[in-house]
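Index from 1, following the sequence.
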Amino acid sequence: MHEKDLTKKQFGENAQSYVTSSTHSKKEDLNALVALLKPQKDMVALDIATGGGHTAKYLAAKVKRIIATDLTKEMLAAAKDHLKHIDNIVFAEADAEQLPYPDNHVDIVTCRIAAHHFPSPQKFVAEARRVLKKNGKFLLVDNVASEYATFDFFINKMEKMRDPSHVRSLNISEWEALFENNGLQLLYEQKRKKNLPYQEWVSRMMSSQEDIQNVTNFILQSPQEIQNYYQIVYDTSGDIVSFSLDEWVAVCKKT
């Protein structure tokens with residue numbers, strides 16, 4: 001199955017869980033991210049791969065209009081229902097790598113916790129820049145891999161086992177190169193640890209107990225240095241309670 005078809009299948013089947021996800025709906029984080037963009041009431045924004053619509057929800061109050069796009073129609077339907085009380089969000093089915101909008105169309109582009117599903121990050125970044133007006137802002141938030149190859153392999157392997165539509169979490173140097181090559185000036189960046197409740201995370205995209213156990217075993221059998229780096233926490237019974245991913249926040253300007 002093509003990667004984008006896998007994405008539609010996985011997210012179509014699990015759309016509602018992204019609306020209710022504690023990881024994706026943190027109020028404090030979303031308010032802080034919106035503040036980084038310095039949005040104005042006359043601006044138009046585009047939220048790529050909106051998922052449960054959380055970024056669009058918080059940005060909508062600060063701009064004239066926001067276009068919330070997603071590749072998966074079931075996800076869009078869930079987000080639209082979740083945000084039906086907000087009247088300046090337009091929902092549209094769209095591919096992040098082939099946006100159906102003209103050049104220099106929007107003031108802000110956002111993409112939060114989604115780009116690791118895109119087959120071509122290069123096309124995605126080029127499209128984000130294309131639709132931005134000059135000096136427009138681009139906010140990217142995504143899980144990132146370590147620059148250390150062993151840790152990179154572990155996190156991408158684990159993510160792929162849990163969700164077949166996962167393509168790859170890039171490392172920060174790869175993202176920086178993509179920005180530079182596409183005329184996006186990095187204004188702000190922050191690397192941070194994101195703590196995830198394990199059972200909620202692993203169950204969001206998996207229903208088979210056998211598959212869940214395979215992911216769990218992969219973690220349990222990993223070297224201690226990997227478990228330390230990803231901050232694996234166990235309860236007294238030896239079950240995984242939580243772990244941490246590396247997440248990167250970047251704000252760029254179209255030059």
Show the nearest heavy-atom pair for residues L76 and T69, with the distance to one decimal. CD2-C, 4.2 Å

What are the two closest non-hydrogen atoms of H82 and G52, and how far apart are they? CD2-O, 3.3 Å

Spell out, as yes or no, whether a donor-acceptor pair under 3.5 Å connects the side chain of H117 to the backbone of S165. yes

Heavy atoms only: give me the nearest A45-L59 pair and the separation to one decimal. CB-CD2, 3.7 Å

Only counting residues at least two apart or in another chain, list the ones meeting side chain to side chain donor-acceptor pair (under 3.5 Å) with E189. W248

D107 side-chain N/O to V44 backbone N/O, donor-acceptor pair under 3.5 Å: yes

Indicate yes or no: at least one non-hydrogen side-chain atom of L139 is less than 4.5 angstrom from one of C111. no

Is there a side-chain contact between L33 and Y58 in this structure, where contact means two heavy atoms from C-beta onward sitting under 4.5 Å apart? no

Ignoring hydrogens and angles, tell me if any N or O in the side chain of R130 forms a donor-acceptor pair with the backbone of L99 under 3.5 Å. yes

How about K194 and N143: does a side-chain donor come under 3.5 Å of a side-chain acceptor? yes

If we ignore angles and hydrogens, is there a donor and acceptor under 3.5 Å between the side chains of D239 and S237? no

Do you see a donor-acceptor pair shorter than 3.5 Å between the side chains of T50 and D70? no

Please find out if less than 6.0 Å separates the ring center of F124 from that of F138. yes

Least distance between heavy atoms, A56 atom then I89 atom: O-CD1, 3.9 Å

Identify whether the distance between the nearest side-chain nitrogen and carboxylate oxygen of R112 and D29 falls below 4.0 Å. yes

Would you say D142 and E247 make side-chain contact, with heavy atoms under 4.5 Å? no

What heavy-atom pair brings L132 and K254 nearest, and what distance separates the two atoms? O-NZ, 2.6 Å

Trace of the salt bridge (Lys or Arg N to Asp or Glu O under 4.0 Å) decision for R168 with E174: CA-CA 11 Å; R168 182 162 184 267; E174 290 173 308; 2.8 Å; yes

Six-ring centre of Y230, K193 cation under 6.0 angstrom, axis tolerance 45°: yes

Would you say the side-chain atoms of T216 and Y198 include a donor-acceptor pair closer than 3.5 Å? yes

For the pair K253 and L184, evaluate side chain to side chain contact (heavy atoms under 4.5 Å, CB included) and give the outcome as yes or no after the intermediate values. CA-CA 5 Å; K253 179 176 76 171; L184 290 166; over 6 Å; no

Ignoring hydrogens, what is the shortest heavy-atom contact between Q185 and T255? Give both atom names and the distance. CB-CG2, 3.6 Å

Quick one: does I108's side chain get under 4.5 Å of L46's, heavy atoms only? no

May I ask you to check whether F151 and Y148 place their ring centers less than 6.0 Å from one another? yes

Quick one: pull up OG1 in T150 and CD1 in I155 and give me the separation to the nearest 0.5 Å. 13.0 Å

Y229 vs Q224, test: side-chain hydrogen bond (donor to acceptor under 3.5 Å, both in side chains). Steps then yes/no. CA-CA 9 Å; Y229 184 84; Q224 193 60 49; over 6 Å; no

Using a 6.0 Å cut-off, check whether atom CD of E210 has over 12 heavy atoms from anything other than its own residue. no

Could you check whether any side-chain heavy atom of L37 comes within less than 4.5 Å of a side-chain heavy atom of T110, counting everything from C-beta outward? yes

Answer with yes or no whether the hydrophobic clustering places L186 together with V144; edges join I, L, V, M, F, W, Y residues whose side-chain heavy atoms lie under 4.5 Å apart. yes

Residues forming a side chain to side chain donor-acceptor pair (under 3.5 Å) with Q221, sequence neighbours excluded: none

Test side chain to side chain contact (heavy atoms under 4.5 Å, CB included) on M206 and V202 and set out the steps. CA-CA 6 Å; M206 305 180 82; V202 77; 4.1 Å; yes

Within-4.5 Å side-chain heavy-atom neighbours: S146 and N171: no

Heavy-atom neighbours of K62 NZ exceed 12 at 6.0 Å: no

Please assess H116 against S169 for the test side-chain hydrogen bond (donor to acceptor under 3.5 Å, both in side chains), listing each intermediate value before the final yes or no. CA-CA 5 Å; H116 54 276; S169 294; 4.8 Å; no

Quick one: does V109's side chain get under 4.5 Å of I48's, heavy atoms only? yes

Tell me whether R129 contacts the main-chain N or O of N182 through its side chain, where contact means a donor paired with an acceptor under 3.5 Å. yes

Stepwise, does the side chain to side chain contact (heavy atoms under 4.5 Å, CB included) test hold for I66 with D47? CA-CA 7 Å; I66 181 161; D47 186 35; 4.1 Å; yes

When you compare the side chain of I232 with that of I219, does any pair of heavy atoms fall below 4.5 Å? yes

R65, CZ atom: more than 12 neighbouring heavy atoms under 6.0 Å: no

Does N181 use its side chain to pair, donor to acceptor, with the backbone of A177 at less than 3.5 Å? yes

Side chain to side chain contact (heavy atoms under 4.5 Å, CB included) with M161: of N214, I212, D211, N156, only one passes, and it is N214

Between CD on residue E159 and CE on residue M205, distance to nearest 0.5 Å: 10.0 Å

Step-by-step salt bridge (Lys or Arg N to Asp or Glu O under 4.0 Å) determination, K123 to E127: CA-CA 6 Å; K123 289 181 181 178; E127 280 291 88; over 6 Å; no

One pair to check against salt bridge (Lys or Arg N to Asp or Glu O under 4.0 Å): K64 and D42. What are the steps and the verdict? CA-CA 5 Å; K64 179 181 179 181; D42 61 346; over 6 Å; no

For the residue pair F243 and W201, does the interplanar ring angle fall in the parallel (under 30°), tilted (30 to 60°) or perpendicular (over 60°) class? perpendicular

Would you check if there is a donor-acceptor pair between the side chains of Q190 and Y188 at a distance under 3.5 Å? yes

d(H54 NE2, L83 CG) to nearest 0.5 Å is 8.0 Å

Start with the C-alpha gap between Q122 and L178, add the side-chain angles, then the distance that decides, and say whether side chain to side chain contact (heavy atoms under 4.5 Å, CB included) holds. CA-CA 6 Å; Q122 163 66 32; L178 286 175; 3.2 Å; yes

Is the NZ atom of K41 crowded by more than 12 outside heavy atoms at less than 6.0 Å? yes

Given the rule in the salt bridge (Lys or Arg N to Asp or Glu O under 4.0 Å) test, do E93 and K73 qualify, once you have shown the distances and angles that lead to the verdict? CA-CA 6 Å; E93 191 173 336; K73 62 181 179 181; over 6 Å; no

